[in-house]
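Read through the structure below, which is laid out as structure tokens, and then see the notes.
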Amino acid sequence: MKERPIGIFDSGVGGLTVAHAIKQILPGENIIYFGDTAHLPYGDKSAELIQQYSGKITEFLLGHNSKVVLVACNSASASAFDTLKKEFSGRTILIDVIDPVVDYLATRNFSRIGVIGTKRTISSGTYEDKLRLRAAGTTVISMATPLLVPMIEEGFIFDDISNAIIRTYLSNSSLAGIQALILGCTHYPIIKNQISKYFNFSVEVVDSAKIVAATLRESLEKNNLLNDTGKVKDQFFISDYTPYFEKIARMFFEGEINLKKADIWG
Ligand code: DGL
């Protein structure tokens, strides 16, 4: 039971920022990762389609005996987590990337919080709805920042192009006076420093990867599921393989990684 892997999925390789944070604090856990590169980006898709994809991927991860399924994609967490819970709650532990961040923010006394993410995540209103319940009285300003994903994937991280795009989005007057900014996309931890710098380090930039990894550890401890057997073997699958994905996967995972193609779409 304890040796069973942590199933993690994302639309592509962005969720590897979460996988990396998990390996940092839980090096003894086995990971099975699935990136749905055949269908990315999820940020432009409808909720219905993301629910369909997420259900099938969860079946795949459960077919590999996952003791937990972690939705390491904000767009899928915003659109499909409720349907996944309805379908799979009895069969595994389900964790998303939004609830742990909302729980964390509920312990802080921010009056004005910004959230940036894909069009799907922002239009779902999930962060606002959840923060309204858990941190009443907090004003939440959300903004879709769709250029950030291709910008990061193309390697524009700390240069004139990335500085101009980040500045153009974050200088929007609606974000004036925020005390915290949620990075509502699993790609964004890659540019966390640049975003903090834009705000002269005076805004708390909330990166879900570490918070979610801590939530996972708590859940494994509570359920007596920590892998203490010393046997570790990670597996990384994507639904469409190109050397390009392999290259950017290394940037997100911050280390060597072997991606294998898993053809779950038949
Ligand atoms: N990783 C996805 C997320 O967190 C963004 C990429 C996409 O649009 O598929 O929303």
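Each ligand, and each atom within it, is numbered from 1 in the order the structure gives. Everything quoted here is computed from the prediction, not taken from an experiment.
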Classify the contact between D44 and ligand 1 as side chain, backbone, both or neither, using a heavy-atom distance cut-off of under 4.0 Å. neither
Go through the structure and list residues passing ring pair (Phe, Tyr, Trp, His ring centres under 6.0 Å) with Y33, not counting sequence neighbours. none
Per-atom contacts, ligand 1 versus Y42 - under 4.0 Å to a heavy atom: 7 (C), 8 (O), 9 (O)
Regarding S142 and E128, is there a side-chain donor-to-acceptor distance under 3.5 Å anywhere? yes
Check whether K2 reaches the backbone of E29 with its side chain - one donor and one acceptor, N or O, closer than 3.5 Å. no
Is T121 close to ligand 1, meaning an N/O of one under 3.5 Å from an N/O of the other? no
For P41, counting its heavy atoms only, list the atoms of ligand 1 lying under 4.0 Å from any of them. 7 (C), 8 (O), 9 (O)
At what distance, to the nearest 0.5 angstrom, does CG of D82 lie from CG of D96? 9.0 Å
Find all atoms of ligand 1 within a distance of less than 4.0 Å from any non-hydrogen atom belonging to G43, and give their numbers and elements. 7 (C), 8 (O), 9 (O)
Between CD of E221 and CZ of R217, what distance do you get to the nearest 0.5 Å? 6.0 Å
At a 4.0 Å threshold, what atoms of ligand 1 neighbour a non-hydrogen atom of S75? 3 (C), 10 (O)
Is it the case that over 12 heavy atoms from other parts of the model lie below 6.0 angstrom from the CG atom of N109? no
Specify side chain, backbone, both or neither for T186, according to which of its non-hydrogen atoms lie closer than 4.0 Å to ligand 1. both
Is the count of non-hydrogen atoms from other residues, nucleotides or ligands lying under 6.0 Å from K210 atom NZ greater than 12? no
Any heavy-atom pair between the side chains of F60 and F9 that's under 4.5 Å? no
Is there a heavy atom in C185 that sits closer than 4.0 Å to ligand 1? yes
Check ligand 1 against D10 and write out every atom of the ligand that is under 4.0 Å from a heavy-atom position of the residue. 1 (N), 2 (C)
Under 4.0 Å between heavy atoms, the region of S11 that gets near ligand 1 turns out to be side chain
If the cut-off is 4.0 Å to any non-hydrogen atom of T118, which atoms of ligand 1 fall inside it? 5 (C), 8 (O), 10 (O)
